[in-house]
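Note that this is a predicted model, so its numbers are computed, not measured. Basis for what follows: all heavy atoms, side chains included, without hydrogens, waters or symmetry-related copies. A, B, ... follow the sequence lines: proteins, then strands. Residue 1 opens every chain.
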2 protein chains.
Amino acid sequence: LCLAKDIYKIYTMGKVEVEALRGVSLEIEANEYISIMGPSGSGKSTLMHILGCLDTPTRGEYYFEGKKVSDYTDAELARIRNRYIGFVFQNFNLLPRLSALENVALPLIYAGVKKKERLELAEMMLKKVGLAERMRHRPNELSGGECQRVAIARALVNNPKIIFADEPTGNLDTKTGSEIMEIFDRLHSEGRTIVLVTHDSNIAQHAKRVIRLIDGKIVE
Amino acid sequence: LCLAKDIYKIYTMGKVEVEALRGVSLEIEANEYISIMGPSGSGKSTLMHILGCLDTPTRGEYYFEGKKVSDYTDAELARIRNRYIGFVFQNFNLLPRLSALENVALPLIYAGVKKKERLELAEMMLKKVGLAERMRHRPNELSGGECQRVAIARALVNNPKIIFADEPTGNLDTKTGSEIMEIFDRLHSEGRTIVLVTHDSNIAQHAKRVIRLIDGKIVE
Ligand SMILES: Nc1ncnc2c1ncn2[C@@H]1O[C@H](COP(=O)(O)OP(=O)(O)OP(=O)(O)O)[C@@H](O)[C@H]1O
Ligand SMILES: Nc1ncnc2c1ncn2[C@@H]1O[C@H](COP(=O)(O)OP(=O)(O)OP(=O)(O)O)[C@@H](O)[C@H]1O
Ligand SMILES: [Mg+2]
Ligand SMILES: [Mg+2]
């Protein structure tokens, strides 16, 4: 499903080069359940963005569903991201002027879903993450963990086949966090592919495989 | 040091009232080390903002250093926040157009510190949190955990007597998280007052007292 070959991501700041990823190769099969761990700054979010077709490597190749991602047009990539990929951002990336409901419904607009059905699906997803009572709130009227759950609901609403979640429980208490993990576990048992970045070893244990990053490289 | 008497925080959204805090009373003495825990949405950040003189209650009274906070002028409050209080926000609140160094130096401008010394103090604080190599980066050029550490450094740079930290290790791996907790522990042993919100019981154990919030109320 995902094939990364010797991926480099290098940021250039004036004369300085920051190598966020330094030769990362990995393969993710359909229906895998993977956890990515590593120190702060080791390149996890950078890797997730490349795997989720949100960013391109500086060197190396990334293949999604057998095709080189750099060969897709922008329109094709946007469609792939919308239809097949659910991405939960570490900093949520919610639109501040939209309510929780409208934020969650957003991917369904692109997918061509009619308004009534969009709002029904969004409402259902918000109920799943325990936010039935907060649907009309905008992000600045929500707690940190509520924003995190809106981001999760938005990533799942289009029924994606692969879910990338960057620290999905970082702002959640243990009980709410395990309710979210139940959702991911069930999605996995239904055939989807799950890739989680986490700092929490309890969360990582839900996965079947752990990938460790240190200083931009995968370590065994 | 901090005295909250029957604090209510009620948000009005059209016809709906959201009671974020429903009669919270608590006392914090100088040099205490307190952890606040509770489910997502239970009112922790709301309470922290009131304790840190960043927000006012809808009902009830809050006293800081023996004086009713609602009696201070805006200028007096700004000075108190700048001189005595260090606040680490759950969502960091960094200025996007400033570098990490400039973000950390910001409270020192208000305190009247000269430029050369500001940058030296800011640099020293960034080194303490392990970000010596990232001082020139702006927030969008930093990882989640790096942003979190910039927010921590900024809260500490003015040598505050009380530190409010809202989920200070949520985006940090275990090792980096314990390095940050060592900083808080040492500040406490030097006489400062520490109030931490955390979802992590390992982190909460550094404190000497745990306050639990559920649905806007303190529970025993
Ligand atoms: N736009 C950028 N320009 C320069 N450096 C960057 C940029 N984005 C990220 N970096 C650097 O790349 C490194 C990897 O960043 P990344 O966000 O992938 O880390 P991470 O493993 O997700 O960390 P965390 O656990 O703290 O979220 C970091 O050291 C960061 O400072
Ligand atoms: N401006 C606002 N308008 C309406 N409701 C709000 C507003 N700000 C916060 N709330 C609500 O108040 C409640 C308490 O919010 P708060 O941020 O204090 O929770 P918290 O305990 O910090 O949660 P978390 O652990 O998720 O960060 C939440 O349910 C939230 O939806
Ligand atoms: Mg990250
Ligand atoms: Mg909070």
Per-residue contact mode, A/Glu146 against chain B (heavy atom under 4.5 angstrom): both
Proximal component of A/Glu133, with respect to chain B [non-hydrogen, under 4.5 Å]: neither
Over 12 non-hydrogen atoms of neighbours within 6.0 angstrom of NZ in A/Lys128: no
Closest non-hydrogen atom pair, A/Asp173 against B/Gly38: CB-O, 3.9 Å
Heavy-atom check, side chain of A/Pro39 versus side chain of B/Lys175, under 4.5 Å: no
Shortest non-hydrogen separation from A/Met13 to B/Arg136 and the atoms involved: CE-O, 4.3 Å
Interface moiety of A/Ser143 toward chain B, non-hydrogen atoms closer than 4.5 Å: side chain
B/Asp74, CG atom: more than 12 neighbouring heavy atoms under 6.0 Å: no
Winner by heavy-atom pair count (cut-off under 4.5 Å) against chain B, out of A/Gly177, A/Gly145, A/Gly14, A/Ser40: A/Ser40
More than 12 heavy atoms from other groups under 6.0 Å of CZ on A/Arg22: yes
Top of B/Val18, B/Thr176, B/Leu172 for chain A proximity - count of heavy-atom pairs under 4.5 angstrom: B/Leu172
Modelled atom types, side-chain donor and acceptor of A/Gln90 and B/Asn171, under 3.5 Å: yes
CG-CG distance between B/Asn91 and A/Asn91, expressed to the nearest 0.5 angstrom: 10.0 Å
